[in-house]
Student: 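So that we are looking at the same thing, I have put the structure below in C-alpha cells.
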Amino acid sequence: MKGSAPRRSPVVFDAAPAATEVRDGWIVVLRYEEEGSVGGGPRLGEGPRLGGGPSLGGGPRLVDLSHRRRWDYQDSDIGARTPMDLPVPPQFGEVGVHGPLVINRMNRTQAAIWHLGAGPSPATPRDPALTETTDGHCMLAFVGPGVPAALEHLTPLDLFDPARTTPFLTQGPVLRVPCQIVTFAPDLVVMSLARGYGGPFARTALASGGLAGLQIAGEGVFNSRFAQM
Amino acid sequence: MTFRLTCPVCGKRDIREFTFGGQERGPRPEQPGLSAEEHFRWVQFRMIPGAGAEAGAGAEDAGAPAGGRADTRREWWYHGQGCGVWFRTTRDPMTNREVEGGGGQG
C-alpha cells in the first residue's frame with residue numbers, strides 16, 4: 001500500500017493524539033493525550049455523559065485495531081492445511097497464538113488469521129484459499145481491569161466462561177452486530193466486525209461501556225498487554 | 001417468549017440470534033415425470049402442528065408421525081448473528097423445545 005492514498009479506519013475518536021505513526025498507509029494512534037492519567041482519559045460516547053461512573057483507575061480501555069491485518073482461510077479439508085505456516089486448531093472456537101499471529105477456527109471449513117503482535121505483518125502468500133479482509137473489517141480491543149463489566153453492557157454473550165480454556169473464539173452479537181470475539185484473558189478481548197458498523201459501534205460501545213468506566217486508548221496500551229501473552 | 005437452539009458450531013444460543021429457514025421437506029422430487037400437483041405439494045405443504053391428517057396434506061410431509069399429530073418436526077435455521085451456519089434441528093413446536101438428540105446438524 002506504499003505510495004497509495006491514506007487508509008482510514010472506520011473508527012474516529014474525538015480526542016487529541018499524543019503520538020502517532022504511519023504504517024502501511026494507516027495513521028496509527030499510539031497514545032492519546034490525557035490517556036495516562038488515572039481515570040482521567042477521554043470519554044467519547046455521543047450525547048450526554050452517561051452516569052460518569054466511578055473512576056476505575058486504569059479501567060477498561062477501547063483500542064482501535066482496524067489497521068491490523070486480517071485474513072480468512074477457507075478449505076474443505078482445512079484441518080490438514082497450514083495457512084501461513086500456522087496449524088489450524090482442530091475444534092470450532094479454538095484459538096492458536098503463534099508469535100504475532102493468531103488463528104481462530106470458525107467452523108468446519110473456515111479459519112481467521114489476525115496479526116496482533118508487534119513488528120511488520122507478513123506478506124499474503126499466494127494461496128487461493130486465503131483472502132485478506134483487513135479493509136472490510138473493523139477491529140477493536142478491550143484492554144484492562146473491568147473489561148468484563150464493560151462488556152456486560154454490550155452483549156448477552158458469556159465471553160468469560162470459566163469452563164472454556166483461553167484463548168477462545170466466540171461468534172455472536174455485540175450491540176446486535178455479528179462479531180468474532182477472542183477472549184485472551186479477562187482483561188484482554190479483541191473483536192472483529194464488518195467495517196460498515198465500525199463507527200457507530202465504537203461510539204455506542206463507549207456510551208454504554210462508559211457506565212463501567214470504558215475509555216479510549218491508543219495502540220500502545222494493547223501492544224503492552226498483548227506482548228505478555 | 002424466548003427459547004434456545006443448539007447451533008452445531010456455537011452451542012446453545014438465544015433464539016434471537018437465529019432466523020427460521022422453514023421446515024425440512026426432504027429432497028426435491030425427481031424432475032422427470034413430476035406432475036404439477038406433486039411439485040405444488042412439495043413446495044407448498046407443511047405439517048400443521050396439532051392438526052390431524054385430515055386437516056391438510058401435512059401428514060404426507062417429511063417427518064410427520066403416524067396418527068397425524070405433529071409432535072416434532074425437522075427445521076432449518078440460520079445462525080445469522082453468530083457463525084453464519086445453516087443447520088437442521090428437530091423441535092417440538094408445541095413446547096418450542098428441541099427434542100433430545102435433536103441438536104443442530106450442519
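Protein chains get the first letters and strands the later ones, always in sequence-line order, with residue 1 at the start of each.
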Student: Assess the pair B:W77 and B:F20: is the distance between their ring centroids shorter than 6.0 Å?
Tutor: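 Judged by ring-centre distance (under 6.0 Å), B:W77 and B:F20 do meet the cut-off.
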Student: Does any heavy atom of chain A fall under 4.5 Å from the side chain of B:C10, the backbone, both, or neither of them?
Tutor: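 Just its side chain gets close to chain A.
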Student: Hydrogens and angles aside, do B:T89 and B:E98 bring a side-chain donor and acceptor to less than 3.5 Å of each other?
Tutor: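 Checked: B:T89/B:E98 side chains pair up, N/O donor to acceptor below 3.5 Å.
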Student: Please work out which of the three classes, parallel, tilted or perpendicular, describes the rings of B:H79 and B:F18, given edges at 30° and 60°.
Tutor: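 Taking B:H79 first and then B:F18, their aromatic rings lie parallel (interplane angle under 30°).
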Student: Would B:S35 and B:E37 count as having a side-chain donor-acceptor pair, cut-off 3.5 Å?
Tutor: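 No.
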Student: Is chain A contacted by the side chain of B:R13, its backbone, both, or neither, given a heavy-atom distance below 4.5 Å?
Tutor: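 Answer is side chain: those atoms of B:R13 sit under 4.5 Å from chain A.
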Student: Is A:L169 close to chain B through its backbone or its side chain, or both, or neither, when contacts mean heavy atoms under 4.5 Å?
Tutor: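 The answer is neither part of A:L169.
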